[in-house]
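By convention in this document, chain letters (A, B, ...) are assigned in the order of the sequence lines, proteins followed by strands, and residues within each chain are numbered from 1. What you see is a predicted model; the values in this text were computed from it and never measured.
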Number of protein chains: 2
Amino acid sequence: MARVRKTVTIRDVAEDAGVSLQTVSRVVNGGPNVRPQLRDKVQAAIDRLGYVPSLAAQRMSGSRSYIILAINDRERTLADWRERRGTDWVDQMLLGGILTCSKHGYRMMVELVDTHSDHVERELGAALSALQPDGVILTPPHSENRLITALLAERKIPFARIGSNAPGPGIAMTMGDEGAAHLATSRLIELGHRRIAMIAGPAQYSLSGWRVSGWRRALAEAGLPHEGLLEAGDFGYESGTRAARALLTRNPDLTAIIASSDQMALAALEVTRDRGLAVPRDLSLISFDNTPIVRFSQPPLTAVDQPIAETVSRAVEQLIARGEERDDDAVIEVAAGLVERSSTAPAPGTA
Amino acid sequence: MARVRKTVTIRDVAEDAGVSLQTVSRVVNGGPNVRPQLRDKVQAAIDRLGYVPSLAAQRMSGSRSYIILAINDRERTLADWRERRGTDWVDQMLLGGILTCSKHGYRMMVELVDTHSDHVERELGAALSALQPDGVILTPPHSENRLITALLAERKIPFARIGSNAPGPGIAMTMGDEGAAHLATSRLIELGHRRIAMIAGPAQYSLSGWRVSGWRRALAEAGLPHEGLLEAGDFGYESGTRAARALLTRNPDLTAIIASSDQMALAALEVTRDRGLAVPRDLSLISFDNTPIVRFSQPPLTAVDQPIAETVSRAVEQLIARGEERDDDAVIEVAAGLVERSSTAPAPGTA
DNA sequence: ACCGAAATTGTGACCGTTCACAAATGGAAT
DNA sequence: ATTCCATTTGTGAACGGTCACAATTTCGGT
């Protein structure tokens, strides 16, 4: 353990090993064409001195910055968002990304930007100039923001759009919302349900639309109607209450509800309870997101599991790989799964 | 909106404004001794070109890095931790820190290190060399790790230890665990409870000890015994189940339990229900942490609210302020509060 | 032993910014 | 006007790396 007083630079290593700076640089970066013998000698010096290249200096001299920038919404992130969808989403996203970055020698930096369009361009532009990241990850609701994607495309920085199903500039990382909704709906149909309602998310998120599509497609495939079975919320609890009430009032024969967020599902659970209906005996319930909360409700909810951590992780890997490559757009799907708990059961009156 | 092709450097601005690099630098950094007229002219050029100084270059030339490094435990963070204490802790910490950093023109970077002591020094040392942060935030269980604090002290990097009550090197940011436990216990005593048990956290976290102390002190002040009323868990659900069972079996006259984590409190809730006891009619329950989960249990739990976001936020501000100052150690307390919900009530048989 | 190409190593310039210091300018006092 | 000092501006040298390219070594084939 060498005692480190001042920062150890590549020069110190070069001197210690009796070689040139360039050689040390080659060893550090695993460059080719270094004789094994010399490489070992230099490596020994590096270890002895505890040398670690300075990220700042590396970036200065034209190499990569080894930074992935994750763009999050400032307002929604902390207050709004956590109230509505549970905090888990942000958490998983961060940790999935950070973990994967660290695995590849990269670092993830979180940048919070305002939703207000004027500022977005400014703020993001400043962040890009200051940090010069090798890649950017866009999270909802910025995943499909034209101004942002245009800015990134112009600067030729590879970027991934999380939770966006639409092809377009950058890499779209979808969690297969259409398919997931289809899966959940199909499962309910399989259990004998015929009147299956959906509480959708707000239209501003395109995933809301995709989930509705998946639900509708599954119903259509089974020859079931969807009229009057759709209500929209804003992912939050109160909106779920409203939607559930409307649905149950309008459709007394309802036997299943799919909610586009855990909070809205919990609200629906509360509403059904108030009306004297038992879940899952009288009504089955499936939620989206599968945050930790739904494991502790009575009963625990069956939920569509959005593989957020894995999605972000894959996004990071894509960006890193795109480092030198051409920036071909793509849509990558990470499949969602259905975690069956106790809020789903065969439809009433079924064998 | 100037169209940005290549990165705008300080040179471009200097040229555009017809001044020297140094002058631009002065304007950017709010340096003294620049004539207002010139300053405006330069500022105009900066705005027009959309210039933002490169963090890397700034760091290179001896200025600060404007980076705060938050050290988290790799294993516990993702898997273990979230299972045991709910994911909220990490989330709040990150966002509290990130938000505050961004407010001051700093950025927060999360570094995950292994718990295994050999690696910690290496990993952290590498991170410090690579990033050269202006400050470091240590989170449990690293807040009191000797190797880490020694390393930071040696490198003279200001650092804050979150959730540590003990004075020592660096700034200790305590959330007043002793006081919080005392507060919760006192409230129960006030409600007429006489047999108040505690499910403590694992000994490896010093906050566990402090919470026990606060509980004990409150009991002592009221002349109540604490013998046989203490069980320890590991913050996780299962351990809470075990502890609650042991406590209830050993003390049939128990009327209140304080749990050192939300998960353990939920477990205790489940156990009391199994035994035919109603909360809060027969038994009052208070948990620690106040993660979103406890709002959705039946009944919603009264909980000690750990002001994590604020604590980290304050820590960041301390570190930034310490930038140039002397590194005097300190213990700063951010008081916890009690959020009363429906799991606490007057003791059975009380007026 | 000799030649040439391939493999290995070294050299200088440069990345974008700030630092210490030198130069120029301004204004008050003489 | 002149002198002098304080204020304002400019200059060259770092900072710690990498890049392009030049110099050197190695080695197979003759």
Test item: Ile137(B) and Met108(B) side chains (from C-beta on) under 4.5 Å apart, heavy atoms = yes
note = Under a 4.0 Å heavy-atom criterion, the protein footprint on nucleotides 15-24 of chain C, written with B, S and -, is BBBSBB----
Glu144(A) versus Ser164(A), side-chain donor and acceptor atoms under 3.5 Å = yes
Any donor-acceptor pair under 3.5 Å from Glu111(A) side chain to Leu69(A) backbone = no
ask   = Distance from Ser129(A) atom OG to Arg155(A) atom CZ, nearest 0.5 Å?
value = 4.0 Å
note = The side chain to side chain contact (heavy atoms under 4.5 Å, CB included) partner of Leu124(A) among Ile148(A), Asp114(A), Leu147(A) is Ile148(A)
ask   = Any sub-3.5 Å donor-acceptor pair from Arg161(B)'s side-chain atoms to Asn145(B)'s backbone N or O?
value = no
ask   = Does any N or O in the side chain of Thr174(A) come within less than 3.5 Å of the main-chain N or O of Glu333(A), such that one atom is a donor and the other an acceptor?
value = no
note = Under a 4.0 Å heavy-atom criterion, DNA chain D is touched by chain B from dT8(D) to dG16(D)
